[in-house]
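Encoded as structure tokens, the structure appears first; notes follow it.
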Amino acid sequence: MKLATWNINSVRLRMPLLREFMDEHQPDIVCLQETKTLDESFPMKHVRAAGYEHIHIQGMKSYNGVAILSRLPFVKTQRHDRVGRSDCRHISVSVESSKYKKPVDIHCLYVPAGGDEPDVAVNDKFAHKLDFVDEVGAWFESEYDQDHPVVAVGDFNIAPREHDVWSHKQLLKVISHTPIEVEKLGRMQERLGWQDAIRHFVPDEEKCYTWWSYRNRDWKKSNRGRRLDHIWVTKPLMPALQSHEILTHGRDWVKPSDHVPVMIDLDL
DNA sequence: ATGGTAGGTACCCTA
């Protein structure tokens with residue numbers, strides 16, 4: 001099963017790009033973040049025409065919004081409110097698997113970006129981000145045993161490792177790479193024994209990015225990227241991991257998102 | 001230390 005995650009930054013604007021991506025790479029399941037549209041305005045017909053008949057979405061006007069588009073049927077779908085808000089940042093589906101006895105759960109997450117100032121005393125958005133990570137980490141721990149096959153993908157808005165950013169030193173006080181966020185994401189990861197599927201394939205000492213700011217003249221030349229988009233799996237799924245792909249060239253598509261699609265192939 | 005760009009919406013918010 002080929003699984004993709006992409007912060008698309010407006011699904012309506014980039015539906016043509018999404019279609020090209022689907023046609024070329026044929027993922028079985030696509031998880032999107034920042035769809036930025038109400039459910040009634042989601043381009044359902046175009047997604048179905050591409051062969052994705054099973055659609056689970058939760059969107060709002062202008063901000064956030066997540067979607068799971070699938071060629072495989074769902075046996076269950078859920079929406080999850082986080083930190084007391086219905087702000088469309090976490091949905092999940094379950095799909096049947098021939099290799100695993102239980103259905104495999106797939107979670108699509110859009111962790112709050114957290115604003116600019118890395119101080120919870122003056123920045124409510126940063127407090128919200130930290131609370132979100134704490135809550136979703138506790139929730140996963142209470143919801144599952146470590147031997148349950150679960151996948152969590154999405155824009156986590158945190159680049160945890162030194163080589164997940166272009167300059168570890170210069171980004172220590174920049175939200176997405178501050179020690180407090182990295183620590184909280186690490187705690188969340190430990191609680192269910194999550195494995196970082198991308199770093200399973202990419203050595204720790206190798207730079208690895210999925211996002212490049214729009215604010216650089218030449219994203220490729222400056223290459224000031226960060227690895228904000230992640231695919232995590234629980235331990236039972238490790239033997240199923242076949243390969244990964246980060247579509248770095250997607251940053252050069254016409255009218256690109258600032259994030260590129262990230263994929264894994266799982267033998268389910 | 002600063003400002004740079006993009007998307008959605010409604011003249012400003014979020015990233």
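In the text below, chain A, chain B and the rest are named by the order of the sequence lines, each starting its count at 1. Hydrogens, waters and symmetry mates are skipped; everything else that's a heavy atom, side chains included, is used.
At whole-Å resolution of the value, CG in A:Asp229 and P in B:dA15 are 15 Å apart. At whole-Å resolution of the value, CD in A:Glu34 and P in B:dA15 are 7 Å apart. Across the protein-nucleic acid pair, A:Asn7 atom CG and B:dA6 atom P stand 16 Å apart, rounded to whole Å. Between the P atom of B:dT5 and the CH2 atom of A:Trp211 lies a distance of 14 Å, rounded to the nearest Å. Rounded to whole Å, atom P of B:dC12 lies 18 Å from atom NZ of A:Lys36. Atom-to-atom, CD of A:Glu117 to P of B:dT14 comes out at 16 Å; the value is rounded to the nearest Å. Per the geometry, OH belonging to A:Tyr214 stands 18 Å off P belonging to B:dT14, to the nearest Å. Taking atom CH2 of A:Trp212 as the reference point, atom P of B:dA6 lies 17 Å away to the nearest angstrom.
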Could you provide the dot-bracket string of DNA chain B, using ( ) for intrastrand pairs, [ ] for crossing pairs and | for bases paired to another strand, with Watson-Crick or G-U pairs below 3.5 Å? ....((((...))))

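A salt bridge does not link A:Asp81 to A:Arg85: none of the charged nitrogens lies less than 4.0 Å from a carboxylate oxygen. Between A:Asp87 and A:Arg89 there is a salt bridge, with a side-chain nitrogen of the basic residue lying less than 4.0 Å from a carboxylate oxygen of the acidic one. With respect to the salt-bridge test (charged N to carboxylate O, under 4.0 angstrom), the residues A:Glu53 and A:Arg48 do not qualify.
The cationic group of A:Arg224 lies under 6.0 Å from the six-membered ring centre of A:Trp166 and within 45° of the ring axis, placing it in a cation-pi geometry. Judged by the 6.0 Å and 45° rule, A:Arg71 forms a cation-pi pair with A:Tyr52. Relative to the ring axis of A:Trp253, A:Arg14 does not place its NZ or CZ within 45° and under 6.0 Å from the centre.
Annotation: B:dT2 and B:dA15 have their P atoms spaced 22 Å apart (nearest Å). Rounded to the nearest Å, the gap between the P atom of B:dT14 and that of B:dT9 is 15 Å. Using atom C1' as the reference point in both B:dG7 and B:dA1, the two lie 27 Å apart (nearest Å).
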Determine, step by step, whether A:Ile57 and A:Val66 satisfy the side chain to side chain contact (heavy atoms under 4.5 Å, CB included) criterion, reporting the C-alpha distance in whole Å, the side-chain angles of both residues, the deciding distance to 0.1 Å, and the verdict. CA-CA 6 Å; A:Ile57 57 178; A:Val66 280; over 6 Å; no

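For A:Leu13, taking side-chain heavy atoms from C-beta onward, the closest of the listed nucleotides B:dT9, B:dA15, B:dG7 is B:dG7. Proximity note for A:Ala113 (side chain, C-beta onward) versus B:dT9, B:dG7, B:dA15: the nearest is B:dA15. Set against B:dT9, B:dA15, B:dG7, the side chain of A:Arg89 has B:dA15 as its closest nucleotide.
Annotation for A:His148: atom NE2 counts as buried by contact number, over 12 foreign heavy atoms lying within 6.0 Å.
Toward the 5′ end of DNA chain B lies the nearest nucleotide of A:Asn216, the other residue of the pair A:His259 and A:Asn216 mapping further downstream. Along DNA chain B, the nucleotide closest to A:Lys61 and the one closest to A:Lys255 are compared, and the more 5′ of them pairs with A:Lys255.
For A:Arg14 and B:dG7, the shortest distance from a side-chain N or O to OP1 or OP2 is below 4.0 Å.
Using a 4.0 Å heavy-atom cutoff across all strands shown, A:Arg217 reaches no nucleic acid atom at all. When heavy atoms are screened at a 4.0 angstrom cut-off, A:Arg224 is found touching no nucleic acid atom at all.
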